[in-house]
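Structure first, commentary second.
Here the structure is a predicted model, which means the values were calculated and not measured. Side chains included, hydrogens not; waters and symmetry mates left out as well; all remaining heavy atoms used. Order of listing sets the numbers, starting from 1, for every ligand and every atom in it.
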Amino acid sequence: MTAYLHRRFPELDDTLGHVTLGNAPTPVRRLSRLMTTCSSVWIKDEGAYGNGGWGGNKVRKLEWLLPEVKRQRRSTILTFGGLGTNWGLAVTLYAREFGIHTALALIDQPVDQHVEAQLDRLRASGADIHLTHSKARTVTAAPYLYLRHRRPYLLPAGGSSPLGVLGYVEAALELAAQVQAGTLPAPSSIVTAVGSGGTIAGLHLGLTLAGLTDTLAIGIVVNDTLRLDHRSITSLARRAVRLLQSRGANLPPTTHLRADRLILLRDWLGAGYGHPTSQGADALQLAQETEHLDLEPVYTAKAMAALFDLAASSRLPEGPTLYLHTNGPR
Ligand SMILES: Cc1ncc(COP(=O)(O)O)c(C=O)c1O
């Protein structure tokens, strides 16, 4: 299927590779059982994206990243994450389909059952795993890892490079088409988890490009090991604009990203990245019981806990809210 970005900017056809790895559009529905206190909360279920039985928000990023790795004739990707990295597993499995090997440098995070199971999957995936424990030690090890894996394609944690960001520019354009088709009302706000920033940066830019310029993107920051604030997310979105321009997209030189249409909230982080919270645990259980929605403790349970609190304290803008669900089946 032709990407919305290519339909919008046909001049990118020959300069920006894209491969479809999932079924679009992802389903949207009202969360009427879960959110009885709030008039209109919808979900866009990114967990349903991905053909390999492995969905979630990583897949859309890889649709833009993997063709670029091929274009640059790199045979290995070197990327980073925590011990239970969803991103690392997704890259390994999808890159393998393209004959690309993956090496992972992993830093410590609290180990629970969820992380243990993920580590088992990572070990079984065929990735080269380097346990670098901390950010500082990862930085020290990076030159060695670069040589050891013979000039790998380097990807930041979560795939949140300007190219990876395009995955959620695309998702926002897809959402706008769903709104236009009458599948859901135009959301006043979108709530989603922020782990490395690519998803929220892509949404912020994509909503602008799609003309949904009144929609407020609300990012719930669940990671304290990276700088994830208004400035860094805006800067990432701007780098994605420059990337599109450098590939020939006919974007106005001063594409205006409305500063007041993006907020980052950290109140549901708890003790830190990967540390479960009781609010998150409650949200996880309630979502499962009422909507058969599978959250996980690190990202989506905290984002859902935030959504409950924001709705209960009337801190959401008036009108429909969209919860962008980023967890996928494994
Ligand atoms: C399930 C889940 N939700 C949300 C995120 C956050 O997305 P991003 O890294 O683009 O901020 C991640 C990964 O980081 C994730 O694994």
Side-chain angles (χ1 to χ4, degrees), residues 26 43-50 54-65 79-94 104 106-107 109 114-115 117-118 121-122 155-172 190-206 217-230 232-237 239-240 262 264-266 268-269 273-274 276 280 283-284 287 293-307 323-330:
T26 51
I43 180 173
K44 182 168 170 66
D45 187 358
E46 292 294 288
Y49 203 75
W54 213 104
N57 63 340
K58 324 290 170 287
V59 186
R60 290 200 192 254
K61 298 175 181 179
L62 289 166
E63 293 191 334
W64 303 93
L65 293 166
T79 190
F80 310 89
L83 286 178
T85 174
N86 297 325
W87 161 246
L89 185 60
V91 183
T92 307
L93 298 182
Y94 280 95
L104 302 171
L106 304 184
I107 65 169
Q109 76 178 80
H114 162 80
V115 172
Q118 188 73 347
R121 291 184 203 105
L122 285 166
L155 271 175
S160 292
S161 66
L163 197 57
V165 162
L166 300 187
Y168 275 84
V169 173
E170 178 70 15
I190 302 182
V191 174
T192 201
V194 178
S196 63
T199 302
I200 193 82
L203 277 181
H204 186 41
L205 171 57
I218 305 177
I220 308 303
V221 178
V222 300
N223 188 355
D224 55 347
T225 69
L226 297 173
R227 183 172 162 203
L228 295 163
D229 54 20
H230 195 283
S232 65
I233 298 300
T234 305
S235 155
L236 183 55
R239 285 166 64 208
L262 170 71
L264 281 307
L265 301 174
R266 312 176 73 84
W268 293 270
L269 171 66
Y273 176 65
L284 188 146
L293 181 62
D294 281 327
L295 308 180
E296 44 60 59
V298 179
Y299 301 93
T300 45
K302 289 180 179 178
M304 185 60 83
L307 176 56
Y323 166 70
L324 186 86
H325 181 57
T326 45
N327 187 33
R330 295 174 180 89

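Close approach of ligand 1 to G198 (heavy-atom distance below 4.0 Å) involves ligand atoms 10 (O), 11 (O). Each of the following atoms of ligand 1 lies closer than 4.0 Å to a heavy atom of K61: 8 (P), 9 (O), 10 (O). In the vicinity of N86, heavy-atom distances shorter than 4.0 Å reach the ligand 1 atoms 1 (C), 15 (C), 16 (O). Each of the following atoms of ligand 1 lies closer than 4.0 Å to a heavy atom of V194: 11 (O).
Between G195 and ligand 1, at least one pair of N/O atoms sits closer than 3.5 Å. For ligand 1, the polar-atom distance check finds an N/O of T199 within less than 3.5 Å of one of the ligand's N/O atoms. Residue contacts with ligand 1: E296 is placed with no nitrogen or oxygen under 3.5 Å of a nitrogen or oxygen of the ligand (distance criterion only). When only interatomic distances are considered, the shortest N/O to N/O separation between T300 and ligand 1 does not fall below 3.5 Å.
When the options Q118, E296, R121 are evaluated for a side chain to side chain donor-acceptor pair (under 3.5 Å) with N86, the one that passes is Q118.
Applying the ring-ring contact (aromatic ring centres under 6.0 Å, His included) test to H325 and every residue at least two apart in sequence or in another chain returns Y323. Scored by the ring-ring contact (aromatic ring centres under 6.0 Å, His included) test, W64 finds H6, H18 as partners (sequence neighbours excluded).
Taking 4.0 Å as the cut-off between side-chain N and carboxylate O, E46 and R60 count as a salt-bridged pair.
Within the structure, the closest approach of G197 to ligand 1 falls below 4.0 Å when heavy atoms are considered.
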Practice item. Carefully, step by step, assess T79 and W87 under the rule side-chain hydrogen bond (donor to acceptor under 3.5 Å, both in side chains). Key: CA-CA 9 Å; T79 190; W87 161 246; 2.9 Å; yes
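Expressed to the nearest 0.5 Å, how far OG1 of T199 lies from NZ of K58 amounts to 6.5 Å. With rounding to the nearest 0.5 Å, the separation of CD1 in I107 from CZ in F80 is 11.0 Å.
Contact annotation for V298 and ligand 1: no heavy atom of the residue comes within less than 4.0 Å of the ligand.
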